[in-house]
Structures are given as C-alpha cells and as structure tokens.
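Whatever order the structure lists them in is the order used to number ligands and atoms, beginning at 1. Worth knowing before you read on, the calculation uses all heavy atoms, side chains too, and leaves out hydrogens, waters and symmetry mates.
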Amino acid sequence: MNTSSVDLNTGASTWHVVEDRFVPSLAAGRESIFTIGNGHLSTRGSFEERIPGEVRATFIHGLFVTPPGELPLLGAVPDWTELAMTFDGHPFGADGALGGYRRSLDMRTGILEREVLWRASESGVVKVRFRRLVSMAQPRLAALEVTLTALTNPVELWLETGIDTAVPSPSFSVWNPLRWSRPSKSNLRLEAASIDGAHRLVVETSLSGPGRLEMIRDPHHHRFTSQTMLPVGRPVTFTKFTVYHSSRDSGEPAAPPGPDVSFDKVAAASGRAWARRWQAATIDIDGDKIAERGVRFAAFQVIGASPSDDTGAAVGAKLASGFGYRHHVFWDTDIFIVPYLTVTLPGLARNHLGYRYRGLDGARRKAKRYGREGAFYAWESADTGDEVTPEWTSPSFGPPSRIWTGEIEEHITSDVAFAAHNYWRWTGDDKFMRDEGMEMIVEGARYWASRLQIEANGAHIRGVIGPDEYHSHVDDSFFTNLMAGWHLRTAADLVEHMVVDTPRVAASMSSRLGIGPAGPESWRRLADDIVLLDRADGVWEQHAGFFELEPVDLSKFTPRLKSMYDLLGMERAERSQVIKQADVVMAMSLHPEAVGSRPRRKRNWDYYIERCDQGSSLSMAVHARVAADLGLGGEAYDLFRAALAIDLEDIMGNARDGLHAATQGGILQATIFGFAGLRLEGDEPVLRPNLPDSWDRMGFSFFHRGKRFERELTGTKARRRRAASPKSTKDKEERA
Ligand code: BGC
C-alpha cells in the first residue's frame with residue numbers, strides 16, 4: 001500500500017497530527033494514535049458513529065477488573081463517545097458519501113476534532129464537526145460537541161447519545177449496570193458494578209442542544225434522543241459532558257456541567273492546564289518538522305497516560321491507548337518513561353514510584369514464593385504488585401507456548417531501583433528516599449544477596465532472561481548481573497549514608513528489615529564477586545556461551561516483514577546469536593561508564609548492532625540514544641526516525657492494540673539524553689549535545705533539584721533558551 005497518501009506527517013503545524021483521508025483498514029490503529037488522555041481518563045480515537053472493526057474504549061487509571069478465570073485487565077468503562085445520527089432518515093457514516101474528511105489532534109490543547117462533509121442520496125449536504133476532550137483541569141470530566149450545518153437544503157436530524165455499558169473489553173463487557181436514573185431532563189445517571197464485584201462506578205452525562213430530549217431505555221445503553229430540523233447555513237450544536245466517579249475516588253460524585261456551560265469554556269480550562277504541562281515539556285526542533293511533531297506526539301501521549309495523582313496507578317506497556325498487555329505495567333515504565341518524567345515533570349515520576357512502593361508487598365510475596373529474601377518485583381503487575389504475567393501465550397493459530405518472563409526476567413527488580421535512585425539524584429527528594437525509595441532499593445538488594453550463587457570462580461545468577469528475550473534460561477546475563485552489582489553497591493552506599501545522616505531512621509529500618517551492621521559491607525563484597533564475562537578485545541558476552549552460538553548474517557534476511565524469531569523458529573533462534581533488542585547496548589544507555597571507555601563501548605556497539613533484529617518496540621530508540629552518545633550521528637538519526645515510525649506508521653502492525661509506551665518514552669530519552677546529551681556529572685547536570693545534522697536548533701527545558709533550566713542547543717553548543725516561558729524567569733537558573 002502507498003502509505004504516503006495516508007501519512008500523518010502533513011500540515012504546517014507540528015502541534016497537530018492530521019489525517020485527511022479515511023482508510024477503513026487503518027482505522028483501529030488510528031484510534032490508538034488519536035487517543036486523548038489526562039492522567040486519569042484516556043479515550044481511544046474511535047469515531048462517534050460505530051464502524052466495523054472499531055476498538056472503542058475509555059480507560060480509568062488503576063481500575064483493574066479480574067474476569068472469572070482470567071488475569072486482571074484495565075477494562076473499558078461505560079462509553080461516553082458514541083453518538084448516532086440520521087439525516088433525513090439516512091444513518092450518518094454508514095451509507096452516505098464522504099465529500100470531505102479531516103481529523104486533527106491538537107496536542108497543545110488536547111482537543112481532537114473531526115470534520116466531515118456528508119451527503120446521502122436524495123438528501124442535502126451536511127457539514128459535521130465533532131470536538132472532544134478529556135479535561136486536564138478536571139480529570140474526571142469528558143466533553144463532546146457536535147456542530148451540524150445543512151449546506152444545501154434543510155435536513156431532518158435524529159440524534160441519539162447516552163451511556164453505553166456494552167462496550168467490550170476486549171471481547172465482553174466488564175461492567176454491569178445496576179441502576180439508571182434521570183436526575184434532570186437533560187441528565188442521565190448510571191450506577192454500575194464491575195463483573196468481579198471489586199469496583200463501583202457512577203457515570204453521569206448531560207446533553208444540551210435543540211429539540212426535546214426523549215429517552216430510550218435499553219437496559220445496557222440508556223440514551224437521549226433528539227429530533228430537529230437543520231436549517232440551511234445555520235449551525236446547530238449539541239454539547240455533552242460526562243463525569244466518572246469510581247470507588248477508587250474519594251468524595252461524592254460531581255454532576256457534569258449544565259447547559260449554561262459551553263464546550264469552549266471547558267476546553268479553555270483544560271487548555272490552560274495543558275499549557276502548564278507544555279511549559280515544562282515543549283521540545284522545539286528547528287529544521288526537522290517530522291522530528292518536532294514526533295517528539296511532541298510522544299510527550300503528549302506519555303503525559304496524557306501518566307497518572308496525575310499518587311493513588312496506586314501506573315503507565316501500562318501500551319500507555320492507556322489499547323487493550324494490549326491488559327495495561328500491565330512492565331520495566332517499560334521504570335526505564336523508558338520515568339527517567340524522562342523525572343527531568344520534565346518530576347511529580348508524575350513520583351506518582352509512579354508511589355505505585356512501585358505500594359507494590360512492595362506483592363514483590364515480597366513473590367520473593368518468598370521462590371524461597372528468597374527481600375523483594376522480587378513482578379515482571380507484569382496490575383493493581384496489587386503481585387505477578388500477573390500469563391504462563392502461556394494464546395496464539396490465534398497453533399499450540400500455545402510457555403511464557404517464562406514472569407518467573408525469570410529478574411532484572412525488573414533493579415529496573416525499579418534504578419528509576420527510584422535516578423529520580424532521587426535528579427530531584428534531591430530526600431523525603432522520598434527516606435520514606436519509600438530506600439526500602440524498595442534495600443529489599444531488592446536483599447533479594448539479590450539471597451539469589452546469587454557463590455562458586456569458586458565468583459557469584460553467578462543462573463537461569464534468567466535478560467532484555468533479549470530470544471534467549472531464555474541463560475546464565476550470567478551481562479545486563480542482569482551488571483544491574484544486580486550496581487543495585488547491591490547502591491543499597492550499601494545509601495544505608496551507610498543514612499546511618500550517618502539520620503541514624504534513628506536507619507536504626508528503625510535496619511531492625512524492621514533485618515539488616516545487620518555487616519549488611520552493606522557484605523553486599524559490596526558480593527557485588528565485586530559478580531561474574532561479568534568478556535573476551536580479550538573487550539566485548540562483553542551477553543550471557544554465558546553466547547559467543548559460541550551460531551552467527552547469522554542478518555543482511556541476508558533483508559528486507560523482511562517478520563522478526564527473525566518468527567523466521568528462524570524458537571529453537572533455532574535460541575541457538576543463534578540473533579538478539580531481539582538492546583541488551584548489552586541497553587546496559588550502555590543506563591551505566592555507560594560501567595560498560596567501559598568510549599572505544600570499548602564502540603567495540604561492543606559494533607558487535608551487537610549487527611546481531612540485533614530490532615524485534616521489540618523498545619529497541620530502536622535505545623539504540624538511537626546510545627549511537628548519539630557514541631557520536632554516530634547518521635546512525636543515531638536513522639534509528640530515531642525508525643523509532644518515530646513504529647507507532648505513527650504502524651511499522652509493527654499492532655497499533656490497534658495500543659501505542660508502545662517504551663517507544664514513546666524512548667524517543668523522548670533519545671532526544672534529551674542522546675541528542676541533547678543531558679546527564680549528571682557528579683551532582684551537576686551537563687549537556688553534551690550531538691544534534692543530528694538536519695537540526696538547526698533544539699530548545700527544551702529540564703528540572704534539576706527544583707530548578708528549571710531552559711536551554712537551546714546548536715551543533716555541539718548549549719546556551720540559555722531565548723523567549724523563555726514566564727515560569728522560567730521566576731526560577732533560578734544554573735549552569736548546564
Ligand atoms: C519486550 C519487553 C517488554 C514487553 C512489553 C516485549 O516484547 O521484549 O522488553 O517489556 O514487550 O512492552
């Protein structure tokens with residue numbers, strides 16, 4: 001297919017993602033791209049009218065439901081978006097001709113808009129404009145407006161909209177209606193219970209517009225109807241507000257705004273709240289519109305999907321834009337999202353760490369199940385922190401295969417510690433470290449201490465899966481071992497400092513967690529004994545025996561539409577040196593110095609880049625970041641552009657399941673930590689820019705210890721950003 005004709009990278013403004021043609025086969029993937037979120041609610045960009053193959057869903061963060069015999073999933077809540085219309089008796093959407101079509105997401109304000117010119121046989125032409133948003137100012141509020149203009153002759157309109165409990169999640173509805181009521185002529189209220197009985201939900205919607213509102217009392221879908229004439233040339237507007245209140249919320253449910261409140265008023269308040277986020281998050285890239293739009297899209301989706309309060313919810317592997325991975329939380333959040341938020345909107349990073357702290361008991365239970373000490377974080381977690389990785393795949397064809405990640409992809413424990421420690425280093429939030437961070441890090445260190453196998457030639461971690469999931473049950477995974485060693489040393493340093501800085505807190509924690517005075521020292525010794533395998537030229541061995549596996553020349557398999565895992569089959573892939581995603585290269589992005597000097601890192605890069613089939617959505621952006629750091633400008637940029645295409649061009653063919661959180665977070669990190677070269681040296685933030693040749697200038701801001709830094713970069717130089725936004729003039733600026 002010629003994808004350029006349905007390209008989203010059109011239009012002058014890089015604040016907009018615009019679709020100017022409707023292609024039914026792309027529709028479900030585009031619903032993910034046109035998701036709007038406000039840190040509490042997220043709604044996929046499904047059309048108001050139903051279309052075949054749609055995946056309609058609104059998600060509320062943290063509202064996990066466990067259907068009988070299944071794992072928890074973030075189900076779709078009763079729907080606020082569906083709106084059916086007929087014009088002179090012809091259903092809108094289904095049988096009319098589309099004389100014009102444009103859908104546009106304004107990322108600056110969070111408004112999704114669609115304009116359609118529509119005509120049915122023997123009827124007039126109607127211009128239809130939809131606008132919708134989930135309010136960044138009032139996170140429980142969603143707003144929808146439709147404006148209809150008959151252009152050629154009067155048209156009779158019939159409109160229906162209400163609250164639909166029958167939206168599947170993804171194959172059946174997880175909400176049962178308990179009670180419908182009509183608090184006023186224009187308000188409809190639903191009380192519903194989740195099918196596992198764990199949650200209650202109140203949804204109230206108000207509709208204003210011309211015509212008398214009647215009610216259709218379908219048990220699963222109560223809805224208003226309105227019938228009216230559309231006069232020629234005079235726009236007619238309906239406005240619908242919906243408020244959600246779940247049993248996870250405190251207080252009483254609020255009523256939606258009434259007929260005196262316009263969509264524009266709600267949009268203005270939400271736009272102001274977005275503007276505050278953008279003050280911190282805007283990245284300008286002069287000279288490269290595709291990159292500028294791509295990083296704005298990434299920031300828009302990451303911010304919209306990041307819980308705005310610390311109530312125990314977290315970003316899922318598909319942000320909150322689809323049913324993929326049931327919204328389970330992976331290392332994708334700790335490693336790909338949180339470091340970006342830490343330097344941009346640290347409050348949102350802190351909310352995630354609160355989620356991990358609440359999950360600590362689940363992690364303790366998991367460690368205990370394996371007969372170990374401390375905390376072993378879940379590879380996939382939902383609401384409690386307990387492990388919820390499925391044990392088997394459920395393929396559409398063929399037999400299921402065993403999934404081992406929930407049992408042995410153990411680096412997750414150190415990924416959580418990395419996110420916490422990195423947040424603390426950048427923010428200086430000692431209270432967090434004292435109250436929550438320390439306990440998570442120490443419990444992880446205790447896990448490693450009980451997990452390591454001490455043998456004559458060192459301390460080993462046997463039988464794991466590293467980031468490269470094509471190889472399972474491997475010994476001494478370089479990434480896992482490096483992270484475990486870093487983790488043990490970091491825990492030792494933190495405990496020793498705590499004993500000096502806050503001895504009482506240290507004493508109470510040590511007795512609660514059973515850390516003896518020799519604990520830190522023994523962790524350090526263990527860390528020194530951990531085996532890291534390499535060969536004479538300085539290339540680290542991804543895991544024991546990797547160098548002896550079958551080499552495969554990936555260039556012979558180019559071009560290809562499938563992953564090498566699919567092409568070679570599981571067994572051959574396991575026996576070969578083909579790797580799924582950045583692994584040793586991943587270690588380079590988190591701990592460059594520990595991997596070695598720049599020439600040594602470059603040698604490792606050269607060895608591993610040709611063995612990586614980029615089979616995971618996490619991989620390209622990390623490679624881009626590391627390549628930028630190694631000064632490989634052209635390669636870094638190509639990988640970055642490939643990462644941008646993953647979701648916006650649906651390169652992996654699974655956009656309908658949702659956007660890839662790690663891709664979007666990775667794009668932002670490649671930009672800020674890779675191309676801009678932001679890092680801490682000692683306690684100081686510094687910039688070591690490596691901008692791509694096509695970028696004339698990059699401007700962005702970051703936070704360090706409560707101060708905002710506005711910077712603009714050209715080539716390899718950094719200076720203060722011109723035209724600083726109002727807040728930055730208040731903030732003290734320091735060197736970077
Ligand atoms: C990747 C993991 C990732 C998961 C969720 C897998 O395909 O290999 O690293 O955590 O997807 O995105």
Q.
Counting only heavy atoms from other residues, nucleotides and ligands, does the tally under 6.0 Å from CZ of Arg656 exceed 12?
A. no
Q | Side chain Lys580, main chain Tyr470, donor-acceptor under 3.5 Å | A | no
Q | Verdict with reasoning, Arg44 to Ser32, per side chain to side chain donor-acceptor pair (under 3.5 Å) | A | CA-CA 6 Å; Arg44 285 171 58 81; Ser32 303; 2.8 Å; yes
Starting from the N and O atoms of ligand 1, collect every protein N/O partner closer than 3.5 Å and put each pair on its own line with the distance to 0.1 Å.
unit_1, atom_1, unit_2, atom_2, d
ligand 1, 7 (O), Lys580, NZ, 2.9
ligand 1, 8 (O), Glu469, OE1, 2.9
ligand 1, 8 (O), Lys580, NZ, 3.0
ligand 1, 8 (O), Gln581, OE1, 2.6
ligand 1, 9 (O), Trp331, NE1, 3.0
ligand 1, 9 (O), Gln581, NE2, 3.1
ligand 1, 10 (O), Trp331, NE1, 3.0
ligand 1, 10 (O), Asp332, OD1, 2.6
ligand 1, 11 (O), Tyr325, OH, 3.1
ligand 1, 12 (O), Asp332, OD2, 2.6

Q: Quick one: list whatever passes ring-ring contact (aromatic ring centres under 6.0 Å, His included) with Phe297, sequence neighbours left out.
A: none
Q. Going through the distances and angles, do Gln614 and Ser619 end up as a side chain to side chain donor-acceptor pair (under 3.5 Å)?
A. CA-CA 6 Å; Gln614 310 287 353; Ser619 196; 2.7 Å; yes
Q) Under 6.0 Å between the ring centres of Tyr607 and Trp540? A) no
